[in-house]
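Start at 1 with the first residue, then count along the sequence. We use all heavy atoms of the structure for the numbers below, so side chains are in, but hydrogens, waters and symmetry mates are not.
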Amino acid sequence: MRGHRLGPSAIVAVLTRLGHHVNAALQRLGFAARFFVMLLLWSSQSFRRLHLTIREVYYAGFQSLLIIMVSGLFIGMVLGMQGYETLQRYGSADALGVLVALSLVRELGPVVAALLFASRAGSSITAEIGLMKATEQLTAMDMMAVNPIARVVAPRFWGGVISMPLLAALFSATGVFGGYLIGVVFIGVDEGAFWSQMQASVDFRYDIWSGIVKSFVFGIAVSLIAVFEGYDAQPTAEGVSSSIKGTVVKSALAILSLDFVLTSFMFREA
């Protein structure tokens, strides 16, 4: 059987549809860039009401502590078990602390904490702003000469940016404790070797600082996606639901792609 060839009209229709999608994506990207600039411009007014940002740090950061610390503990325990089995084959079981610490501080801490933050806090931020738009609360603020970006969006954005590095640090610290529980307490790795090799091998500039920078960049990306998706949501239940899904998916893609870019710059050979 011969394959059906597309006629000129069908090709034109496909290209036209593709052009519409590309044009819509570029328009949305331009709107997002303008939204980010407006967010930064109105942040100074938002900081004058510092209690709003502190409240968002509580909602986005403190209320995410449970899932962050429990996940960090179990990931550290898994690293302890898997790392011990691998290092024991080469007679390097005492280096378990180095393996656990570097894995968490460099990569798993910032990345996994950011993914959990996007799923828990990012989706919540999008839902709050999206519902405020659907119920016309943002429009009412605008009519009362209250800028909704300064009053609603900016505090949530900066609350997420501030919370993310702190959550990543707690995730890594809890993970190291989980690796200690498995490696030292249950398996029997020498405690002195576990901590001393970790302290000797983990460098603040190349390891800890890189994790801080990554978590800060992830916090900006996730918070920006969350507030933008909520602010740009269609004012319907279905539109808000779609925006929440978009926040989780786009945040995950942004975190993983940014992690690759940052790692390639931070740990490239001189």
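To the nearest 0.5 angstrom, Leu102 atom CG is 10.0 Å from Asp203 atom CG. Rounded to the nearest 0.5 angstrom, Glu56 CD and His51 NE2 are separated by 10.5 Å. Atom CE of Met69 is separated from atom CG of Leu170 by 5.5 Å, given to the nearest 0.5 angstrom. To the nearest 0.5 Å, atoms CZ (Arg55) and CZ (Arg49) are separated by 11.5 Å. Annotation: the span from Ile220 atom CD1 to Ile225 atom CD1 amounts to 12.0 Å, rounded to 0.5 Å. Atoms CD1 and CG, from Ile149 and Leu40 in turn, are 10.5 Å apart once rounded to the nearest 0.5 Å.
Using a 4.5 Å cut-off on side-chain heavy atoms (C-beta onward), Phe157 and Leu39 make contact. Side-chain contact between Val98 and Val202: absent, with no pair of heavy atoms (C-beta onward) separated by less than 4.5 Å. Put simply, the side chain of Leu96 does not reach to within 4.5 Å of the side chain of Gln197, judged on heavy atoms. Counting heavy atoms from C-beta on, the side chains of Val70 and Phe74 come closer than 4.5 Å. Side-chain contact between Leu79 and Leu108 is present, with heavy atoms from C-beta onward closer than 4.5 Å. Using a 4.5 Å heavy-atom threshold, the side chains of Met164 and Val222 count as separate.
The residue from Val153, Val57, Thr53 that alone fulfils the side chain to side chain contact (heavy atoms under 4.5 Å, CB included) condition with Trp158 is Thr53.
A continuous path of Ile, Leu, Val, Met, Phe, Trp and Tyr side chains, each step under 4.5 Å between heavy atoms, connects Val185 with Leu99, placing both in one hydrophobic cluster. Note on Ile125 and Leu115: separate hydrophobic clusters, where clusters join Ile, Leu, Val, Met, Phe, Trp and Tyr whose side-chain heavy atoms are under 4.5 Å apart, directly or indirectly. Hydrophobic cluster membership is shared by Val146 and Phe47, with clusters built from Ile, Leu, Val, Met, Phe, Trp and Tyr side chains linked at under 4.5 angstrom. Criterion: ILVMFWY side-chain heavy atoms under 4.5 Å apart, direct or through other members. Under it, Phe216 and Tyr206 are not part of a common hydrophobic cluster. Residues Val112 and Ile182 share a single hydrophobic cluster, defined by chaining ILVMFWY side chains whose heavy atoms lie under 4.5 Å apart.
Taking a 6.0 Å sphere around CD of Gln234, one finds it holds 12 or fewer heavy atoms contributed by other residues, nucleotides or ligands. By the 6.0 Å contact criterion, CG on Leu66 is open, its count of non-hydrogen atoms from other residues, nucleotides or ligands being 12 or less.
Nearest heavy-atom pair, Leu258 versus Ala221, reported as atom, atom and distance to 0.1 Å: CD1-CB, 3.8 Å. When all heavy atoms of Val176 and Phe194 are compared, the pair lying nearest together is O-CZ, 4.4 Å. Residues Val248 and Ser119 share a closest heavy-atom pair of CG1-OG, 4.3 Å. The two residues Ala150 and Gln45 have their closest heavy-atom pair at CB-CD, 4.2 Å. For Ser215 against Pro110, the heavy-atom pair with the smallest separation is N-CB, 4.1 Å. In terms of heavy atoms, Ala233 sits closest to Gly130 at CB-CA, 4.4 Å.
Checked by atom type, the side-chain pair Gln63/Tyr59 shows no donor-acceptor distance below 3.5 Å.
Between the side chain of Ser257 and the main chain of Ala254, a donor-acceptor pair closer than 3.5 Å is present. Between the side chain of Ser124 and the backbone N or O of Arg120 there is no donor-acceptor pair closer than 3.5 Å. Here the side chain of Ser264 pairs a donor or acceptor atom with the backbone of Val261 at under 3.5 angstrom. Side-chain atoms of Ser210 come within 3.5 Å of backbone N or O of Asp207 as a donor-acceptor pair. When atom types are taken as modelled, the side chain of Ser243 and the backbone of Glu229 share a donor-acceptor pair closer than 3.5 angstrom. Here the side chain of Lys214 pairs a donor or acceptor atom with the backbone of Arg106 at under 3.5 angstrom. Looking at Ser71, its side chain never comes within 3.5 Å of a backbone N or O of Ile68 through a donor-acceptor pair.
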(request) Evaluate the criterion side chain to side chain contact (heavy atoms under 4.5 Å, CB included) for residue pair Tyr231 and Val152; output intermediate values, then yes/no. (result) CA-CA 10 Å; Tyr231 192 82; Val152 175; over 6 Å; no
(request) Check step by step if side chain to side chain contact (heavy atoms under 4.5 Å, CB included) holds for Phe117 and Phe218. (result) CA-CA 10 Å; Phe117 180 80; Phe218 296 160; over 6 Å; no
(request) Show your working on side chain to side chain contact (heavy atoms under 4.5 Å, CB included) between Trp195 and Tyr180 and close with a plain yes or no. (result) CA-CA 9 Å; Trp195 293 113; Tyr180 168 82; 3.5 Å; yes
(request) Report the C-alpha separation of Glu238 and Ser242 in whole Å, then their side-chain angles, then the decisive distance to 0.1 Å, and conclude whether the side chain to side chain contact (heavy atoms under 4.5 Å, CB included) test is met. (result) CA-CA 6 Å; Glu238 185 176 312; Ser242 178; 5.6 Å; no
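Phe35 and Phe31 have tilted rings, their planes meeting at an angle from 30° to 60° on a 0 to 90° scale.
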